[in-house]
Amino acid sequence: MITMKNEDIEKGIIQLIKKAETELPVDVIKALKNASRIEEGIAKIQIDTILKNVELAQKSSRPMCQDTGIQTFFIDVGTDFPYIGELKKWITNAVKKATIEIPLRPNTVDPLTNENHKDNTGDHVPYLTWDFSKGDHVSITAFPKGGGSENMSKLGMLKPGVGIDGVKDFIVDEMIKAGGNPCPPTVVGVGIGGGADLALKLAKKSLLRPIGIRHEHPPIAQIENELINRINKSGIGPMGLGGKTTVLDVHIEKAHRHPASLPVGISVQCWADRRAQMIIHSDGMWEVK
Amino acid sequence: MEYHVTLPLAREEVQKLHIGDILYVSGYIFTARDEAHHKMLQIDKRSLPFTLSEMGLFHCGPLVKKEKTGWSVISAGPTTSTRMELFEDKFIEKYQISLIIGKGGMGEKTLKALQEYTCIYTSYTGGAGALAADRIQKVKAVYWLEELGMPEAVWIFKVKEFGPLIVSMDSHGKSMYKRA
């Protein structure tokens with residue numbers, strides 16, 4: 001019975017990857033359209049080219065960017081889901097098949113030999129993050145992550161004495177240094193606190209929050225707003241060619257820190273803020289949304 | 001100013017272009033990222049089976065698909081140019097490049113080389129891979145595919161009205177990235 005399901009669920013995961021690669025979420029399109037309204041000249045040309053590209057990609061169902069990313073998935077597993085042990089295999093197989101079917105650019109390279117694995121899998125890839133909750137279904141978010149924006153990630157192990165103002169300055173400085181490299185307008189994810197790995201993990205996870213949604217905790221929401229304004233005032237603009245829109249949003253998450261440490265993780269997402277969700281029910285039925 | 005030009009660009013054509021100009025190019029362009037740059041700087045220029053000076057240099061690792069009749073380009077936007085800053089000045093000198101297409105801008109060394117060897121750096125909208133692929137008429141050839149893999153191989157594309165490209169670093173020592 002399980003062999004019957006395998007192929008069907010892999011098909012669903014391929015559809016999930018395809019949706020992420022070929023269609024931008026509505027919140028991102030809305031933010032880009034807003035940017036088009038306020039920009040002029042070369043900045044507006046950049047945003048309008050992006051919007052035209054997004055439309056063409058969706059219509060012709062092909063990846064909007066040639067960098068189809070490292071295949072990254074956030075998985076929330078219901079502890080009563082009957083096939084927990086199969087999930088990793090399903091996702092890995094689906095990534096291999098999607099590489100040919102969609103297609104995806106072969107993006108996994110061995111760091112020692114520089115050999116391309118050619119199917120978007122390899123050591124620790126696809127990259128899976130697991131969370132567990134009560135229930136009998138699984139929710140998977142596909143979050144293919146491009147290299148250009150990932151290269152602008154930063155970790156600051158700040159001295160606690162610099163306080164929250166030091167944290168804000170660090171983030172603004174790093175985004176100004178990044179300039180046009182991460183394909184602005186970007187979405188900036190920030191993780192404050194924890195250890196080094198947790199700060200970066202929270203930074204990346206915060207990018208799953210839709211654009212325009214503020215942190216539920218008002219003091220954090222206020223810092224998000226302040227950072228959006230400060231980074232946009234830099235004038236870096238779309239693609240670093242100058243303009244008003246350098247970031248579409250800034251998302252912050254926090255964790256408690258060690259008394260001696262103040263880690264700040266920054267994870268940058270390009271305008272192609274690709275995300276798609278899938279639910280797999282306990283009876284093997286699935287839906288991609 | 002907006003220009004529609006055919007490659008290769010003559011020296012005088014390059015000189016009349018300034019930062020902020022918008023360009024649409026037709027003709028042949030070749031892709032080269034880190035590894036292809038490195039390789040072509042190592043080898044004897046005369047052993048190359050193609051002439052680079054007649055083509056535009058495109059910082060790009062395309063997504064291509066093998067069809068029965070040849071290769072089709074699925075998505076082919078620019079990659080981050082600053083990685084090539086390490087060796088772009090030497091590359092421009094060795095192969096007499098007159099047009100670079102990339103994203104994100106390049107540094108002082110390249111800006112100097114653009115001036116010295118009369119070349120321009122243009123920016124294509126990062127991530128606009130589907131739209132770029134739409135302007136690629138055909139894949140003329142691919143080199144070192146097995147050795148370097150799909151993104152790093154050298155692909156030669158025939159393009160029509162490829163753009164909008166923003167002249168962001170010109171041959172007169174001006175850079176929009178410096179200003180921004």
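In what follows, every heavy atom counts, from backbone to side chain, and hydrogens, waters and symmetry copies are set aside. Quick note on labels: first sequence line is chain A, next is B, and so on, each numbered from 1.
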Please classify the contact of [X] with chain A as side chain, backbone, both or neither, using a heavy-atom distance under 4.5 Å.
X: B/Pro164; answer: side chain
X: B/Ile166; answer: side chain
X: B/Ile22; answer: side chain

State the [atom1]-[atom2] distance between [X] and [Y], to the nearest 0.5 angstrom.
X: B/Lys65; Y: A/Leu104; atom1: NZ; atom2: CG; answer: 11.0 Å
X: A/Ile42; Y: B/Ile19; atom1: CD1; atom2: CD1; answer: 8.5 Å
X: B/Leu131; Y: A/Ser60; atom1: CG; atom2: OG; answer: 10.0 Å
X: B/Glu35; Y: A/Asn114; atom1: CD; atom2: CG; answer: 5.0 Å
X: A/Asn151; Y: B/Arg83; atom1: CG; atom2: CZ; answer: 7.0 Å
X: A/Leu241; Y: B/Tyr177; atom1: CG; atom2: OH; answer: 4.0 Å

If you count heavy-atom pairs under 4.5 Å with chain B, which of [options] comes out on top?
options: A/Asn116, A/Asp67, A/Thr49, A/Thr68; result: A/Thr49
options: A/Gly147, A/Pro103, A/Ala178, A/Gly148; result: A/Pro103
options: A/Gly180, A/Cys183, A/Ala272; result: A/Cys183
options: A/Leu56, A/Thr22, A/Ile45; result: A/Leu56

Take atom [atom1] of [X] as the centre, draw a 6.0 Å sphere, and report whether it contains more than 12 heavy atoms from other residues, nucleotides or ligands.
X: A/Lys52; atom1: NZ; value: no
X: B/Lys45; atom1: NZ; value: yes
X: A/Glu40; atom1: CD; value: no
X: B/Lys174; atom1: NZ; value: no
X: B/Phe50; atom1: CZ; value: yes
X: B/Glu2; atom1: CD; value: yes
X: A/Lys168; atom1: NZ; value: yes
X: A/Glu115; atom1: CD; value: no

(message) What I want to find out is whether B/Glu152 reaches A/Arg105 closely enough, with some N-O distance under 4.0 Å, to be called a salt bridge.
(response) no

(request) Compare every heavy atom of A/Cys65 with every heavy atom of B/Ser75, then report the nearest pair and how far apart it is. (result) OG-C, 3.2 Å

(request) Taking all heavy atoms of B/Leu63 and all of A/Gln66, pick out the closest pair and write down the distance. (result) N-CB, 3.9 Å

(request) Considering only heavy atoms and a distance below 4.5 Å, find which of B/Gly149, B/Ala128, B/Gly104 pairs most often with chain A. (result) B/Ala128

(message) With a 3.5 Å distance limit and no angle check, can you tell me whether B/Lys103 reaches the backbone of A/Asn181 through a side-chain donor-acceptor pair?
(response) yes

(request) Test salt bridge (charged side-chain N to carboxylate O under 4.0 Å, His left out) on B/Asp134 and A/Arg62 and set out the steps. (result) CA-CA 11 Å; B/Asp134 210 42; A/Arg62 58 170 130 169; 3.7 Å; yes

